[in-house]
Student: 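Quick one: structure below, then a few questions.
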2 protein chains.
Amino acid sequence: MKIKYAKRMDNLKASEIREILKLTERPEVISFAGGLPAPELFPIKEMKKVSELVLEEAGKQALQYSTTEGFPPLREKIAERLMDTGIRGNGDNLLITSGSQQGLDFSAKIFLNEDDIVVCESPSYIGAINAFKAYLPQFIEITTDDDGMIMEELEEVLSTKENVKMIYVIPDFQNPSGRTWSVERRKKLVELANKFDLPIIEDNPYGELRFEGARPPSVKSFDKEGRVIYLGTFSKTFCPGLRIGWVYAEAELLQKYILVKQAADLHSNSMSQRELDKFLELYDLDAHIEKIKKVYRKRRDIMLKTMEETFPKSLKYTYPEGGLFTWVELPIHLNARDILLKALEVNVAFVPGGSFFPNGGRENTLRLNYSNMPEDKIKEGIERLGKVLEKAMEE
Amino acid sequence: MKIKYAKRMDNLKASEIREILKLTERPEVISFAGGLPAPELFPIKEMKKVSELVLEEAGKQALQYSTTEGFPPLREKIAERLMDTGIRGNGDNLLITSGSQQGLDFSAKIFLNEDDIVVCESPSYIGAINAFKAYLPQFIEITTDDDGMIMEELEEVLSTKENVKMIYVIPDFQNPSGRTWSVERRKKLVELANKFDLPIIEDNPYGELRFEGARPPSVKSFDKEGRVIYLGTFSKTFCPGLRIGWVYAEAELLQKYILVKQAADLHSNSMSQRELDKFLELYDLDAHIEKIKKVYRKRRDIMLKTMEETFPKSLKYTYPEGGLFTWVELPIHLNARDILLKALEVNVAFVPGGSFFPNGGRENTLRLNYSNMPEDKIKEGIERLGKVLEKAMEE
């Protein structure tokens with residue numbers, strides 16, 4: 001049997017992170033590899049309550065087919081929450097998706113023909129890169145510093161490349177780098193997208209998890225022409241198991257996402273949408289987010305403090321003001337995949353950074369997650385990793 | 001602003017059915033248009049119980065990210081249920097999808113390059129046609145009779161066309177025709193797929209809703225080479241709001257679906273998968289299906305009896321032994337879209353059949369659904385429709 005697959009299948013590989021996560025499921029492993037929220041913070045009691053209420057009050061509707069766009073009251077509530085980021089719209093601007101991963105897949109489906117160019121940060125989110133790859137694009141990575149993409153480099157690319165079709169950015173506590181764009185760069189990005197008439201995909205799963213400082217306005221908030229598509233999710237602020245994310249866009253663009261959603265899976269889970277809506281009605285999500293932030297802030301602090309104490313002094317790593325990750329750059333001659341094998345020998349795991357560069361070649365990087373391990377294990381794990389790194393750098 | 005979309009977006013139109021459904025939401029309309037299950041049969045009390053238990057027993061896992069493949073015990077239980085259709089595998093052959101619509105989208109994504117050919121029944125399921133269209137294929141429709149596709153015509157196509165990439169069929173209570181393939185045609189289909197080395201997508205959302213006669217073995221059950229991909233769903237036997245469907249395939253093929261699922265939305269709703277698994281553990285789904293069948297059988301009977309009594313004698317329509325639909329052929333000079341406008345004047349709705357033909361040209365057909373209206377309304381609605389049809393045929 002030699003069944004012929006579509007050409008795109010040559011471009012899809014099993015996610016390295018998920019393969020590593022399988023290796024790290026042994027309970028003795030201290031894992032900084034995943035991007036999982038802390039399950040001990042999930043509002044289980046409240047979920048029981050809202051689940052019961054939804055089934056009592058609207059069981060038939062919650063279990064029936066529903067509209068592709070999503071549950072209208074939930075969409076309204078999300079629109080209200082987005083006001084905090086300077087986005088002024090309403091529920092009609094929203095489509096509920098199966099996690100924001102689905103919004104990434106749809107973005108590529110809507111904009112990309114084979115060989116079209118996606119411009120993204122270097123490094124960028126591996127899940128987005130994988131979603132986009134199914135549409136056989138070219139990637140151009142733009143160098144980033146602590147303030148976001150280098151705008152001169154972006155402008156140079158946009159001025160010289162013909163078939164750029166979209167710009168993909170994660171401006172708040174970027175995955176994997178943990179860095180946040182400055183307001184100035186956000187404005188400039190929209191200016192350049194206007195000049196070159198391009199859509200921007202603003203992916204923002206972590207923005208609400210800010211431990212310190214003020215939340216900057218979203219890239220979308222500077223968009224006067226309706227070219228920024230804002231992707232959000234409840235996976236990090238509520239729970240990921242319900243798979244509820246959203247696409248916020250202006251009417252014409254949103255209509256494309258709705259069409260694609262209809263063909264892809266008709267609509268998102270009706271029951272979960274209503275449960276989440278009921279939660280937002282009865283409980284205080286912001287208070288819940290405060291609880292999450294308090295825990296994650298402590299975990300970040302202990303991780304960074306221990307890194308400072310035990311990592312070789314010459315290593316560079318980022319200081320995330322929120323979100324889930326910090327990002328480490330090793331000396332150029334070291335390969336984080338080799339380091340991982342040594343770390344696993346002492347039962348510590350992380351994600352080598354190479355896969356976050358769609359065009360490859362940066363194997364001297366790694367991502368550390370702090371949201372899913374208790375403080376004592378973070379301390380212990382980073383100490384062990386520090387020793388592994390020190391040894392590797394001496395060799 | 002002139003943002004450039006991917007070429008595939010020219011091929012995606014809003015589903016006519018969904019647009020019609022919007023028109024028919026007025027409560028006075030007797031609608032035979034949708035394909036909705038009867039919500040009064042949803043096991044709401046049982047859902048409350050299982051939802052409570054899942055959150056109590058495994059709340060953290062139910063709300064956390066989970067594996068792309070799906071919840072292992074649920075996959076095992078589905079594999080056991082599939083034994084009834086002659087499929088002998090286990091949970092490892094299964095991927096949980098967001099409804100079987102997602103399995104359709106994935107199938108096209110995995111097999112189709114632009115201009116590749118999908119061979120399908122004439123007529124075929126509109127949701128599949130729309131999902132496939134996003135990948136810019138050509139369609140070749142094969143004439144069907146009461147026993148399924150005409151095999152001589154299929155063989156002729158497969159012998160003469162170079163770039164056929166998959167065969168898509170709905171062998172049980174087909175949507176829209178309500179017809180079921182004979183065992184002989186099922187065997188022959190697999191034989192031809194073997195001969196021409198092609199995958200078959202067997203879409204089976206309705207097979208369990210058989211009102212009379214014995215369930216035939218699935219197409220998959222005749223597959224010795226692992227080239228049949230079987231799509232199923234709980235949308236019609238449990239409820240659609242949870243969006244739980246599945247792909248059953250042999251290892252190599254399933255691996256492709258898993259890769260695509262990972263890039264598309266990571267995994268299906270963890271909570272709903274566990275709820276459904278718990279339902280299957282605590283309750284008797286087959287007994288529940290018997291209840292559904294009893295109600296739908298009566299509705300089918302009243303619909304067909306009233307059609308016999310009131311429809312013009314020269315009209316042809318199918319006799320479904322199960323499922324949700326019957327299919328009407330009007331004289332060739334009549335257009336069901338015009339008839340629909342007249343039917344809506346007397347508050348009756350249905351779906352014109354034209355959209356079920358991917359290459360168009362069969363506007364003298366229509367689909368009637370009987371699962372979602374009470375018996376008295378079915379009688380009343382069919383009587384009204386009978387008058388509309390009689391008048392149209394006299395003109």
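We name chains A, B, ... by the order of the sequence lines, and we start the count at 1 in each one.
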Student: What residue in B/M166, B/K133, B/E252 has the most heavy-atom pairs under 4.5 Å with chain A?
Tutor: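 Ranked by heavy-atom pairs under 4.5 Å with chain A, first place is B/E252.
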
Student: If you draw the axis of the six-membered ring of B/F111, does the NZ or CZ of A/K4 fall within 45° of it and under 6.0 Å from the ring centre?
Tutor: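 No, a cation-pi geometry is absent between A/K4 and B/F111.
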
Student: How many angstroms lie between atom CD of A/E275 and atom CE of B/M271, to the nearest 0.5 angstrom?
Tutor: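 Going from CD on A/E275 over to CE on B/M271, the span is 5.5 Å.
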
Student: In terms of heavy-atom pairs under 4.5 Å, which option from B/Q61, B/R274, B/K45, B/K236 contacts chain A the most?
Tutor: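 Sorted descending by pairs with chain A, the first entry is B/K236.
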
Student: With the side chain counted from C-beta on, respond yes when A/F42 and B/L55 share a heavy-atom pair under 4.5 Å apart, and no when they do not.
Tutor: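 Side-chain contact under 4.5 Å: no.
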
Student: Just so I know, are the side chains of B/L253 and A/Y5 near enough to count as touching, which here means a heavy-atom distance under 4.5 Å?
Tutor: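 When only atoms from C-beta onward are counted, A/Y5 and B/L253 do touch, with a gap below 4.5 Å.
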
Student: Would you find more than 12 non-hydrogen atoms of other residues, nucleotides or ligands less than 6.0 Å from B/K48 atom NZ?
Tutor: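 It does: B/K48 NZ has more than 12 such atoms within range.
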
Student: Between A/Q102, A/M9, A/Q255, which residue shows the highest count of heavy-atom pairs closer than 4.5 Å to chain B?
Tutor: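 The option with the most such pairs is A/M9.
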
Student: Among residues two or more places apart or on two chains, list those pairs meeting side chain to side chain donor-acceptor pair (under 3.5 Å) that have a residue in residues 105-114 of chain B.
Tutor: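 Sorted pair list: A/D105-B/K109, A/K109-B/D105, A/Y135-B/K109, B/K7-B/E114, B/D105-B/Y135, B/S107-B/Y257.
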
Student: Please test A/S98 against B/S98 for side chain to side chain donor-acceptor pair (under 3.5 Å), starting from the C-alpha separation and ending with a verdict.
Tutor: CA-CA 9 Å; A/S98 301; B/S98 300; 4.5 Å; no

Student: Output the option from A/P240, A/A263, A/C239 having the highest count of non-hydrogen pairs under 4.5 Å with chain B.
Tutor: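 Greatest number of close heavy-atom pairs with chain B: A/P240.
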
Student: According to side chain to side chain donor-acceptor pair (under 3.5 Å), who are the partners of B/D197, at least two apart in sequence or on a separate chain?
Tutor: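 Here the qualifying residues are B/R227.
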
Student: Between chain A and each of B/S272, B/S270, B/A264, B/G99, count heavy-atom pairs under 4.5 Å; write down the option with the most.
Tutor: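 The residue among B/S272, B/S270, B/A264, B/G99 with the greatest pair count is B/A264.
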
Student: Do B/L198 and A/I3 have side chains that get closer than 4.5 Å, going by heavy atoms?
Tutor: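 In short, these two side chains do not touch, never coming nearer than 4.5 Å.
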
Student: Please rank A/Q64, A/K60, A/E40 by heavy-atom pairs under 4.5 Å with chain B and give me the top one.
Tutor: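 Highest number of pairs under 4.5 Å: A/Q64.
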
Student: Could you check which of A/P43, A/G59, A/G127, A/S100 has the highest count of heavy-atom pairs closer than 4.5 Å to chain B?
Tutor: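 Ranked by contacts with chain B, first place is A/G59.
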
Student: Mind ranking B/N194, B/I110, B/V260 by heavy-atom pairs under 4.5 Å with chain A and telling me who comes out on top?
Tutor: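 Ranked by contacts with chain A, first place is B/I110.
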
Student: Do you know which of B/E225, B/E52, B/K2 has the most heavy-atom pairs under 4.5 Å to chain A?
Tutor: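 Option with the greatest count: B/K2.
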
